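Worksheet for the structure shown next.
Here the structure is a predicted model, which is why all the values come from computation and not from measurement.
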Amino acid sequence: MTADDRIKLEPGWKEALRAEFDQPYMAELRKFLQEERAAGKEIYPPGPMIFNALNSTPLDKVKVVILGQDPYHGPGQAHGLCFSVQPGVPAPPSLVNIYKELKRDLNIDIPNHGYLQSWADQGVLMLNTTMTVERANANAHKDKGWQFFTDRIIEVVSQQQPHLVFMLWGAHAQSKQKLIDATKHLVLTSVHPSPLSAYRGFLGCGHFSRTNKFLEQNGETPIEWRLPPVQAG
């Protein structure tokens with residue numbers, strides 16, 4: 001049994017990323033996570049949800065890529081999609097600003113939840129570049145190996161898909177621009193939607209309407225950014 005046989009991963013992604021699971025960095029990352037859990041540390045998101053972004057959005061269905069930094073570190077928030085929280089959890093501040101821009105850009109009413117699963121289901125790959133975090137300790141798993149894995153994800157999707165939209169919000173996301181083939185994809189950049197920076201250019205960026213226009217120009221169905229209501233669990 002190879003290392004990747006234990007990983008429950010969407011078949012297209014599993015095939016494209018197969019070699020990564022046998023890399024030394026992945027063995028070190030796995031060991032790090034095991035040791036953290038053995039030391040009694042709470043890790044988010046829960047194990048089955050770590051690869052939710054990939055399992056929700058098969059490689060051949062990706063239309064849009066949104067990059068986040070690392071998962072939310074509060075209990076019950078993270079479920080493997082960047083910026084999204086589980087049903088019943090209030091929308092965090094950055095997501096509130098994303099909703100404000102959606103309202104301004106496409107006149108979409110601000111929802112009463114922060115669950116973005118329906119975007120992922122439509123082809124929006126919502127990838128945190130670090131895929132786990134320790135409770136109450138933001139960026140605790142930065143530089144532990146996830147960056148090599150998620151860089152490879154960005155490279156693969158850039159290479160294999162014909163015309164994507166990449167939304168790169170903030171300096172961290174923009175540092176990944178070198179992995180993207182800008183000759184065939186639309187790369188949209190702005191400051192981060194966090195309350196610290198959103199008013200310096202995120203609010204007013206028009207990324208959602210520009211994304212849908214690009215998709216339509218390339219024969220793709222636009223994203224329905226309006227979120228369906230959810231029942232709190």
Electrostatic pair R104:E101 at N-O distance under 4.0 angstrom: yes

Might you confirm whether atom [atom1] of [X] has over 12 heavy atoms from other residues, nucleotides or ligands at distances under 6.0 Å?
X    : atom1 : value
Y25  : OH    : yes
K31  : NZ    : no
K213 : NZ    : no

Nearest heavy-atom neighbours spanning [X] and [Y]:
X    : Y    : value
D60  : Q161 : O-NE2, 3.4 Å
L116 : S84  : N-OG, 2.9 Å
P195 : P93  : CG-CB, 3.4 Å
P45  : P71  : CD-CG, 3.9 Å

Donor-acceptor pair between T129 and H172 side chains, under 3.5 angstrom: yes

Side-chain H-bond candidate by donor/acceptor type, H192 with S197, under 3.5 Å: no

Main-chain N/O of L164 paired to K184 side chain as donor or acceptor, under 3.5 Å: no

Parallel, tilted or perpendicular: rings of F208 and W119 (30°, 60°): tilted

Check: F83 ring centre within less than 6.0 Å of W169 ring centre: yes

